[in-house]
Amino acid sequence: MNKILFFGQLKERIGCANTQVELEYPSSVAEVKLQLQQRGELWQQLLAQGNVLSAVNQTMASDETDINAGDEIAFFPPVTGG
Amino acid sequence: MISVQQQDFNIGDEYHALIQDAYSEGAVVTFVGLVRDINQGNSVKGLTLEHYPGMTEKSLKSIVQQAKQRWPLGKVRVIHRVGKLKLSDQIVFVGVTSRHRESAFLACQFIMDYLKNQAPFWKKESTEKGESWVEFNDKDQKAMQRWQK
């Protein structure tokens, strides 16, 4: 099982800050996205956006990044600090 | 040292901490970012800063580490505020000491450019039309890319 976190506008539009997924390992960020997109049209649309960034264990990741048991995954829009 | 905090900071205190025992350092460069009244065409009343606890600190540490690999730096201090901020409030502080000014200037700018592109913070502005999330600015991406040439 893996914990998924959302931040910023993505969190607000999805309407939750975190969720969980069951995966078959080794998995990938792309597979997590696909699984979440099956939760409905909103999820489908929001996670299909080209500018959604991801992090695995608090390090920037890409669709190809491997996911193993216990890894923390996060999705968020481009950052706007400073 | 890195801090992500709600409370304000005092640039005088930070400056004094940076120059304390800095016998080999000949230069200090500091930068402060403030909440500005107009952004992306909207009149801003204030903003809320969200972050990813854990990753934000990790990301800032990595940016400072990269700066230290590129230039001979003494002390580096980064403070970034989160939560609700008003117009003209201080948002971010970067302070760098170095033996010579060039490294200090460059490192300070490098840290800000990378922070703007990589550190997980998100700004939501409160304007007269309501609240809206700040859009990522391509200019910030170009500012970072110039260090990668």
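Convention: sequence-line order gives letters A, B, ...; per-chain numbering from 1.
A donor atom on one side chain and an acceptor atom on the other are not found under 3.5 Å apart for B/Arg36 and B/Ser88. A donor and an acceptor atom, one from each side chain of B/Asn117 and B/Gln141, are nowhere located under 3.5 Å apart. Using a 3.5 Å distance cut-off with no hydrogens or angles, the side chains of B/Thr127 and B/Glu125 do not pair a donor with an acceptor.
Under the 4.5 angstrom side-chain criterion for Ile, Leu, Val, Met, Phe, Trp and Tyr, B/Phe136 has no cluster partners at all. Through chains of ILVMFWY side-chain contacts below 4.5 Å, B/Val32 is grouped with B/Phe9, B/Ile11, B/Tyr15, B/Leu18, B/Ile19, B/Val28, B/Leu34, B/Ile79, B/Phe93. Clustering of Ile, Leu, Val, Met, Phe, Trp and Tyr side chains at separations under 4.5 Å places B/Tyr52 together with A/Leu5, A/Phe7, A/Leu53, A/Met60, A/Phe76, A/Val79, B/Met55, B/Trp122, B/Trp133.
Checked options B/Glu25, B/Met1, B/Gln20; the residue passing with B/Lys75 is B/Gln20 (criterion: side-chain contact (heavy atoms from CB on, under 4.5 Å)).
Residue B/Asn137: no heavy atom, backbone or side chain, is found under 4.5 Å from chain A. Contacts of B/Lys58 with chain A are made by side-chain atoms alone, with heavy-atom separations under 4.5 Å and no backbone atom involved.
Judged by distance alone, with hydrogens and angles left aside, the side-chain atoms of B/Thr97 form no donor-acceptor pair with the main-chain N or O of B/Ala27 at under 3.5 Å.
Counting heavy-atom pairs closer than 4.5 Å to chain B, the top-ranked of the candidates A/Ala55, A/Pro77, A/Pro78, A/Gly8 is A/Gly8. No other option in B/Lys116, B/Gln118, B/Glu135 has as many heavy-atom pairs under 4.5 Å with chain A as B/Lys116. For the set B/Ser59, B/Ser132, B/Gly54, B/Gly33, the count of heavy-atom pairs under 4.5 angstrom toward chain A peaks at B/Gly54. Between chain A and the residues B/Asp140, B/Leu115, B/Val134, the most heavy-atom pairs under 4.5 angstrom are made by B/Val134.
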Yes or no on side chain to side chain donor-acceptor pair (under 3.5 Å) for A/Asn2 and A/Gln20, after CA distance, side-chain angles and deciding distance?
CA-CA 6 Å; A/Asn2 296 80; A/Gln20 285 179 342; over 6 Å; no
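Against chain B, the residues from residues 11-19 of chain A that qualify, each with a non-hydrogen atom under 4.5 angstrom away, are A/Lys11, A/Glu12 in number order.
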